[in-house]
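Heavy-atom basis, side chains included; hydrogens, waters and symmetry copies ignored. Residue numbers start from 1 in every chain, and the chains themselves are labelled A, B, ... in the order their sequence lines are given, proteins ahead of strands.
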Amino acid sequence: MDPANLSVQQITAKINKKELLLTELGAILAGRSKYAQKKLNLFISFDPQLFTEQIKKNEQSTQVNRPPLWGVPVAIADNITTVDQKTTCASRLLAAYQPPFEAQAVSLLQENGALLIGKTNLEEFGLGCAGNSSYFKPVKNPWDIKRTAGSGAAAAVASGLATFALASDVRGEIRQAASYCGVIALKPTYGKIPREGLIDSASSLEQTGILARRVSDLAWALQVLAVPGNNNPPAVKRPLYPEILGNIPAKTRIAVPADWDQAPLLEEGIKNNFREQLNKLARVGLEINYVTLPHFQYASLVATIIGAVEAFSNLSNLDGVRFGYRKEGKHLQEMYIKTRSAGFSSKLKKFLTLGGLLSTKKYYNSHFLQGQKMRSIIKKELLDCLQENELLLTPTTPCNAILLDSSPPAGEELPDPAAYYTAAANLAGFPSLNFPVSTNGLPYGLQFMAKKEDEGVLLQIAFLLEKEPIKWPIFALELQEV
Amino acid sequence: MTAFEAVIGLEVHVELLTQTKLFCSCSTDFGAAPNTQVCPICLGLPGGNTPRLNKKAVAYAIKTALALNCQVAQEITFDRKNYFYADLPNGYQITQHFHPMGKKGFLPVNVAEKTKNIGIHQVHLEEDAGKMFHVGDILSSPFSRVDFNRASVPLVEIVTEPDLRTAEEARLFLQKLRNTLLYIGISDCKMEEGSLRCDANISLRPLGSKELGVKTELKNMNSFRAVYRGIEYEIERQTGILQEGGTVIPETRHWDEEIGATKSMREKLSESYRYFPDPVLLPLKTDTKWLEEILYSIPELPDSRYKRFTEDYGLPPYDAEVLTSSRDLADYYEQALQTYPEHKNLSNWIMSELMGLLNANNMEITACKVEPPELGDLLKLIDQGTISGKIAKTVFEEMFTTGEKPEKIIREKGLTQISDEETLLKIVDTVVTAHPGSVEDYHNGKNKALGFLVGQVMKETKGQANPRLVNKLLQKKLSN
Ligand SMILES: [Zn+2]
């Protein structure tokens, strides 16, 4: 069996039985990463020496009770801080930024024996999936290199370079990228994975999530990462995720918005395939309920309004004064303008300009406050729906991965049509999961949403659907020859 | 010529006496080397945006709001005030824009023997910015330095209603406010160190008019005197403009202490700040138990103490005013009362002898070595006739310098008053014998001669004789 296709439990078991040497695994992954980087541009920082050092450290450890992620290769999106590698957020402004601290999620992975393979490429500050804003050029899709991957984290998992990856989700980014790359992704309940050390652009929406090729791997990652913290009172009782995967409740009800097919830009192929998927679910005995969610359609718009205002404020520390890229000016004001004009991508500048505008007194009541009200309404609708049903199901994206050189360029529209189905979970803070299916030879995803803290049922439905291993992209098979 | 009335409102920023900053555990100590009290949170580093609210600072702000008779918010929320400046690490300041901690309060101030309630528009909690150091001239220097030690130090901002009418009222209000804040112990209120900063909004209107005129904002007043002089100057300046038929420009002006004038800094832009609720800090409920705890931690405030000092202790208004002008002084007085319950006598001693020495040595009452009960003991010794009032002053000076107990000083220096008749009679005899001329003068009705003879006895006893007894004995002797 190819070592890239081992599960978390298989890796740790094989290492314990000395059937697999960490150095051996490391050498394979290092070689493939180098190759993949050339083809897909999925890393921003990939340091083979650092990777080897981690392996050495693990090898030399005399720890008797090895933690659950021992020797598991993981990729980290480059907006999650690491203390021994720079964290750029794919922005020119932070292209050389070395944080003096490390995200709590990264520390948790390392304490549990995981190996950090590299920092993955993303859209600037993790906003969107269109492949049009990374200072380090877009990530190519392992299914079709003419298309966007959405993120390097999704590409790394799809290619078998990492057993799982961490990336952030503002309006659905990790689910969209997983949909484009044919992998599983979970955006957990807001705050469930510690937010400390995430360079967030929109604090109230953004949450670190997990991408993986196996439900059990995702469950192990969640088990390690969902620690009590700010938003996680220790009193919250949690199941042992890896142990409950097969126990889906007998009568699981799945809600589907009756107007799910009204999304702008919804592709015919996806429309037809999604209908087939609904039939399949009904055939295995799941109850499908068509529901009315009148305000669901505004989720992407509302998340854009709130996200833009928060991002404008959050990214105001990028002024060239204390760290990061600076372009000198005759005076402070000019330095700000020059630095931020040259430092941000045009897509991000458009978004920040919107945020700056909407937070002025003039638009505050008419747009921002209205947006907040609409957010409450959407959350209430979802909550009511999820009290009658265990899950809410839609497609994850209205289309397959978009072409990188489409003309006119796609992916700068506000609100982002790609976030039509995904943004509602960010507004409500609810957990949501992408499960990959495919049409026209390209992947897309089924998106499930559950109520707060109900990640268990999301993992269970994904486990039920995962009867056979999810498909490898052609590129991964090519990579296995490297 | 039209007579004008000034309308003045103050914005007072007070640094809180918390050990740590508002959202991180960095120290708030004043005077450390630049940029040594900083961390990823207060430096605004990417990925460091995980503020942890300092509950003590919240309690201090609530305490301030309660002491200023405000309505306290039921839910504590924070907002971001977004603007770019080099001393502002995050590009926004966390403040309470939409729901301030306290609203609609007042502070009574004694103005010309009358009590005037000055309205408190609001009290809110916010973080301070860093400190800029301009190298050379502010306009021509190629660079500036920034110290972020002060960034995110908790501040309470107190905004008054435009209820003040003169520079003197503003000064009296500020003194009363400072005194109140010192009483509740939330700040050390040192204007020279910047832990109390005052800006003033000043406008003029024709006397009797209800409408507000164009206002200027006056900054950079670093002492009570500067507040008084700055406002006084600004009122005069605006009066001059209006009387010549000109218009006042709405702008920010700096008080320049050296030249004694205000200078234009920049035109005041109409509200260009962007405010929105902080998306990271969750609202904090103020539960009744916590509010009660804070309420009970507020000591008796100056006004009620003043009332008690005049009504219960029978002190004259002036004494009560002076003694309650500082919590420490009033505490000192009341502690000394425990051993010496002669209200007025004690007040006299504190106001003349003790405060005289404190002023002469430029000391605060808290640094005084004489414990309050020991001052009481000293005064008791006078009343008992053990020492004379004059000797007591010498003893007190000694106590003030060394911190020794009065009995010990009197014993060691042999300062006990001589009240023994037999001993004194011997000295009286000697003096009378030695000055027959004065005795004759006395018998001829020259009363001054008696004073001279008493003086001679005191001189013989190095001032230790009981003067009243000497007087009595001499008169008795001479009438024989
Ligand atoms: Zn700090």
Side-chain angles (χ1 to χ4, degrees), chain A residues 79-82 87-89 91 93-94 97 99-104 125 194-200 202-206 229-231 306-307 309-310 312-324 330-333 335-337 340 355-361 363-364 368-369 372, chain B residues 24 35 38-53 78-94 97-98 129-130 132 134 138-148 151-152 266 269-283:
Chain A
N79 59 347
I80 299 172
T81 50
T82 43
T87 301
T88 69
C89 299
S91 177
L93 264 158
L94 292 180
Y97 176 59
F101 50 84
E102 179 173 83
Q104 201 186 335
F125 288 95
R195 291 168 37 80
E196 280 84 350
L198 166 68
I199 303 180
D200 54 358
S203 304
S204 77
L205 304 169
E206 193 159 354
N230 247 358
N231 292 289
I306 293 168
V309 169
E310 291 184 8
F312 170 78
S313 175
N314 276 17
L315 304 187
S316 292
N317 58 349
L318 302 163
D319 54 6
V321 174
R322 284 145 299 134
F323 51 81
K330 282 199 289 291
H331 45 75
L332 189 62
Q333 213 61 31
M335 183 185 94
Y336 286 154
I337 293 169
R340 289 170 66 90
L357 193 68
L358 296 184
S359 51
T360 55
K361 216 172 173 179
Y363 293 102
Y364 184 82
F368 184 74
L369 270 192
Q372 294 286 28
Chain B
C24 60
N35 297 311
V38 292
C39 73
I41 296 174
C42 60
L43 270 183
L45 293 191
N49 185 20
T50 44
R52 303 247 182 278
L53 180 60
F78 290 94
D79 309 300
R80 291 184 182 179
K81 177 180 181 177
N82 294 277
Y83 66 96
F84 289 91
Y85 201 57
D87 64 5
L88 194 66
N90 277 309
Y92 56 80
Q93 178 197 30
I94 300 180
H97 177 70
F98 294 108
M132 300 273 285
H134 301 286
I138 185 167
L139 292 174
S140 64
S141 169
F143 61 91
S144 301
R145 299 182 199 280
V146 200
D147 176 9
F148 290 105
S152 209
R266 55 173 186 249
L269 298 169
S270 57
E271 282 293 88
S272 64
Y273 298 119
R274 300 175 162 90
Y275 290 98
F276 80 101
D278 192 289
V280 180
L281 293 158
L282 301 173

Closest non-hydrogen atoms of A:Ser316 and B:Phe84, given as atom of the first, atom of the second and distance, are O-CE2, 3.5 Å
Cut-off 4.5 Å, heavy atoms of chain B, and the answer for A:Val321 is side chain
When rounded to the nearest 0.5 Å, the distance separating CG of B:Asn82 from CG of A:Asn314 is 9.5 Å
Closest non-hydrogen contact found for A:Ser313 with B:Arg80 is OG-NH1, 2.8 Å
Item to complete: State, with a plain yes or no, whether a side-chain heavy atom of A:Pro99 is found less than 4.5 Å away from one of B:Leu45.
Response: no
Ring pair (Phe, Tyr, Trp, His ring centres under 6.0 Å) with A:Tyr364: of B:Phe98, B:Tyr273, B:Phe276, only one passes, and it is B:Phe98
Bottom line for A:Leu94: the part with an atom under 4.5 Å from chain B's heavy atoms is side chain
Looking only at heavy atoms, the pair that brings B:Arg274 and A:Ser359 closest together is CD-OG, 3.2 Å
When every non-hydrogen atom of B:Pro89 is compared with those of A:Asn317, the smallest separation belongs to O-CB, 3.5 Å
Notebook entry, point to check: With a 4.5 Å heavy-atom cut-off, do A:Phe125 and B:Pro46 have their side chains touching?
Noted result: no
Applying a strict 4.5 Å limit to non-hydrogen atoms, the region of A:Leu318 in contact with chain B is side chain
Exercise for review: Using the side chain to side chain contact (heavy atoms under 4.5 Å, CB included) rule, take B:Tyr85 and A:Leu332 through it: C-alpha gap first, then chi angles, then the decisive distance, then the call.
Suggested key: CA-CA 8 Å; B:Tyr85 201 57; A:Leu332 189 62; 3.8 Å; yes
Ranked by heavy-atom pairs below 4.5 Å to chain B, first place among A:Met335, A:Arg340, A:Gln372 goes to A:Arg340
From the list A:Glu196, A:Gln104, A:Arg195, side-chain contact (heavy atoms from CB on, under 4.5 Å) partner of B:Thr50 resolves to A:Glu196
So, the part of B:Tyr83 with a heavy atom under 4.5 Å from chain A: the answer is neither
